[in-house]
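Everything below concerns the one structure shown next.
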Amino acid sequence: MAILHIDGDGFFASCEISLNPKLKGKPVVTGQERGIATAMSPEAKALGIHRGMPIFEIKKLFPTAVIVNSNYHTYGMFATRMYDIVRRFTERVEEYSIDECFAILEDKDREHTARLIKTTLGRELGMTFSVGVAPTKVLAKVASKWNKPDGFTILDNSSIHDFLKNLAVGKVWGIGPQTSHHLHSLGVVTALDFIERPERWIRENLSSPMLETWYELKGTPVYKVHESDDIQKSIQKTRTFPHTSEKKIILSELSHNVEGACIHARRDKLETKRIYYFLKTQEFRYKRCEIPLDVPTNDPMTILSLVQSTFDTLYKSGVEYRATGVTLSELRPTSLNQTDLFGEVVKNLKLKKIFDVVDKIDRKFGTGTVSLASSLTSVGRRHLHPTRRLNLPFMGEVV
DNA sequence: TCTGGGGTCCTAGGACCC
DNA sequence: TCTGGGGTCCTAGGACCC
């Protein structure tokens, strides 16, 4: 068996060009709304524009660049088409990220199949992909990165050695700046240096994930290709806002994030058993709070009241904050047949019905049509909200 | 114009128990 | 009052990735 890794080249920019052929051949950059470049067309790269470059700088230095807002919904649809195309050739596909996937190929015809997948993707999606084929995920990943864009690299046991000789250890998937720096100080510079150290040396000098990386790089598979839709571990919503120390605004931001996370959870029919939220100060310090729940929920009011009752342990008046975030963790599928004490489940069931209705309205009229009144104090977004108010039981005021 | 948003996994150290 | 050793569970936060 061989593992295939597919990576969209400049994916976001490629999606924009695929939808709007007039952009073809131009230096296209996405990420306007974020203030930094998130993806570039080859022409933009040729100018010297790179990921993370500030948009104002691009505008100044490269007036010919076409800068567009990212449209994640569109990119998600392209991603779905990409996975579907790959599934025509093999059922065993892992949807790794919005522009990447792994798949398992049978050894016979692996090169032919891989090439066929690549050309089919290119033809049907109107963009190029870089492809790596190797015995393990880590090797497939470095292989696909090797000849970007439009690359096609096959690694087998006979070619691994030469390939890793020319690969900086920090380029390996899973080895970041910290580990890379540490390895350099120990005399390990290339990926080949790394795999040539004995197992004992890895165990003594590095953390356990590095041992897995070590095996993978040597061609022994450790990481599985996750074919099934495994249940998500956590849902997170965060948002940055113009810095403020006003409690009301911060709570309202938190409320917005809680709502967003709960909408996501209900859409995926998940409930959380543990919530965690944070305030981020203007100095980029995090104040966190974690709350285990007795009864799983995906109801924003329940979560919000817990947040409110603990908020003062994190919040200090006079401190400037720039972002908040909420994570729902220990997720589990919604189960309607739980029998439980304390009547909390009964209360949650009632809420569930209401939010089912809310979700239907959202599907019909767009997300955010109905939102909790407590989310409406957000800085600079007030004017976006509709003004009709009504009162629903258990939800407080709804707009 | 410093630094977005969404994830996963691991580890050190504290709390608590025997 | 001070001394142990051993174990588990939990939390804060680091590291990495897209």
Side-chain angles (χ1 to χ4, degrees), chain A residues 5-12 30-39 51-61 67 69-70 72-73 75-76 79 82 94-102 130 137-138 141-142 144-145 148 169-183 203 206-213 216 222-224 226 230-243 253 256-257 260-261 263-265 268 270 273-278 280-292 310 313-314 322-331:
Chain A
H5 180 249
I6 300 172
D7 195 339
D9 298 318
F11 189 68
F12 297 171
T30 64
Q32 170 137 41
E33 82 292 347
R34 246 174 78 175
I36 57 166
T38 51
R51 254 183 87 97
M53 189 181 263
I55 296 294
F56 76 94
E57 198 179 323
I58 297 171
K59 283 182 175 160
K60 198 169 63 189
L61 297 175
I67 299 162
N69 287 322
S70 312
Y72 288 91
H73 187 250
Y75 310 152
M82 167 175 92
E94 174 181 342
E95 302 178 3
Y96 180 71
S97 79
I98 198 160
D99 67 336
E100 290 174 45
C101 65
F102 289 96
S130 291
K137 280 176 105 172
V138 170
K141 187 95 169 143
V142 293
S144 71
K145 225 167 36 169
K148 257 187 162 301
V169 75
K171 298 262 185 195
V172 174
W173 188 37
I175 300 182
Q178 301 294 323
T179 309
S180 179
H181 184 256
H182 184 214
L183 285 168
R203 287 184 190 278
L206 301 166
S207 64
S208 69
M210 285 306 118
L211 188 63
E212 295 171 355
T213 305
E216 286 263 323
V222 179
Y223 299 134
K224 287 199 315 201
H226 297 283
D230 291 344
I231 199 159
Q232 204 177 345
K233 300 277 194 331
S234 68
I235 294 169
Q236 188 181 345
K237 294 290 169 196
T238 67
R239 187 162 76 174
T240 303
F241 45 85
H243 64 89
E253 282 288 325
H256 173 270
N257 288 326
I263 286 170
H264 186 148
D268 293 354
L270 296 171
K273 197 73 170 57
R274 173 181 300 262
I275 61 174
Y276 138 75
Y277 70 95
F278 69 82
K280 187 182 187 182
T281 71
Q282 195 56 8
E283 286 75 42
F284 283 73
R285 290 213 205 301
Y286 291 85
K287 308 289 172 198
R288 330 165 167 238
C289 178
E290 201 162 351
I291 308 173
T310 52
T313 62
L314 303 193
R322 59 158 24 239
T324 68
V326 176
T327 301
L328 314 183
S329 67
E330 292 181 24
L331 297 175

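The sequence lines fix the lettering, A, B, ..., with proteins before strands; numbering per chain opens at 1.
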Measure the distance between the ring centre of A:F284 and the centre of the six-membered base ring of B:dT3, then answer whether it is under 5.5 Å with planes under 30°.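 Whether judged by distance or by angle, A:F284 passes, so it stacks on the base of B:dT3.
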
What is the distance from atom [atom1] of [X] to atom [atom2] of [Y], rounded to the nearest 0.5 Å?
X      : Y      : atom1 : atom2 : result
A:M82  : A:C101 : CE    : SG    : 4.5 Å
A:T281 : A:H243 : OG1   : NE2   : 11.5 Å
A:T324 : A:H256 : OG1   : NE2   : 9.5 Å

Does [X] reach a base, just sugar-phosphate, or nothing at all? Heavy atoms under 4.0 Å.
X      : answer
A:K59  : nothing
A:I175 : sugar-phosphate
A:E290 : sugar-phosphate
A:H264 : sugar-phosphate
A:R274 : sugar-phosphate
A:K280 : sugar-phosphate
A:E33  : nothing
A:I235 : sugar-phosphate
A:E57  : nothing
A:G35  : nothing
A:P54  : nothing
A:V326 : nothing

Could you state the [atom1]-[atom2] distance from [X] to [N], rounded to the nearest angstrom?
X      : N      : atom1 : atom2 : value
A:K287 : C:dA12 : NZ    : P     : 13 Å
A:E95  : B:dG7  : CD    : C1'   : 15 Å
A:N69  : B:dG4  : CG    : P     : 17 Å
A:L206 : C:dC16 : CG    : C1'   : 14 Å
A:E100 : C:dC17 : CD    : C1'   : 9 Å
A:M210 : C:dG14 : CE    : C1'   : 13 Å
A:K171 : C:dC18 : NZ    : P     : 12 Å
A:I6   : C:dC18 : CD1   : P     : 16 Å

Consider the side chain of [X], meaning its heavy atoms from C-beta on, and name the nucleotide among [options] that approaches it most closely.
X      : options                : value
A:P209 : B:dG6, B:dC10, C:dC18  : B:dC10
A:D99  : C:dC18, C:dC16, B:dG4  : C:dC18
A:R322 : B:dG7, B:dG6, B:dT3    : B:dT3
A:T179 : B:dG7, C:dC17, C:dA15  : C:dA15
A:W173 : B:dG7, C:dC18, B:dG5   : C:dC18
A:K233 : C:dC18, B:dT8, B:dT1   : B:dT8
A:S208 : C:dT11, B:dC10, C:dC17 : B:dC10
A:R288 : B:dC10, B:dG5, C:dG13  : C:dG13
A:Q178 : B:dG7, B:dC10, C:dC16  : C:dC16
A:S234 : B:dT11, C:dC18, B:dG7  : B:dG7

Suppose you measure atom P in C:dC18 against the same atom in B:dT3; what distance do you get, rounded to whole Å?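 After rounding to an integer number of Å, I get 23 Å for this pair.
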
With respect to A:S97, which candidate in A:E94, A:E95, A:E100 satisfies the side chain to side chain contact (heavy atoms under 4.5 Å, CB included) definition?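 Only one option passes, and that is A:E100.
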
Distance check: side-chain N/O of [X] vs OP1/OP2 of [N], anything under 4.0 Å?
X      : N     : value
A:T240 : B:dT3 : no
A:T327 : B:dG6 : no
A:Q236 : B:dG5 : no

Answer yes or no: is there a side-chain heavy-atom contact under 4.5 Å between [X] and [Y]?
X      : Y      : value
A:H264 : A:Q232 : yes
A:T213 : A:Y223 : yes
A:V142 : A:K171 : no
A:Y75  : A:T30  : yes

Can you spot which of A:R274, A:K273, A:K233 makes a salt bridge (charged side-chain N to carboxylate O under 4.0 Å, His left out) with A:E330?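 So the option named by the test is A:R274.
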
Taking Watson-Crick and G-U wobble pairs with both distances under 3.5 Å, convert DNA chain C into its dot-bracket string, 5' to 3', dots for unpaired and | for cross-strand pairs. ....||||||||||||||

Does one side chain, of A:S130 or A:D7, offer a donor that lies under 3.5 Å from an acceptor on the other?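 Distance-only check fails for A:S130 and A:D7.
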
Using heavy atoms to find the nearest nucleotide of DNA chain B for A:K237 and A:S207 separately, return the residue whose nucleotide is more 5′.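 Comparing both residues, the 5'-ward one is A:K237.
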
Starting from the 5' end of DNA chain B, give me the residue, A:I55 or A:A323, whose nearest nucleotide shows up first.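 Nearest-nucleotide comparison on DNA chain B picks A:I55.
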
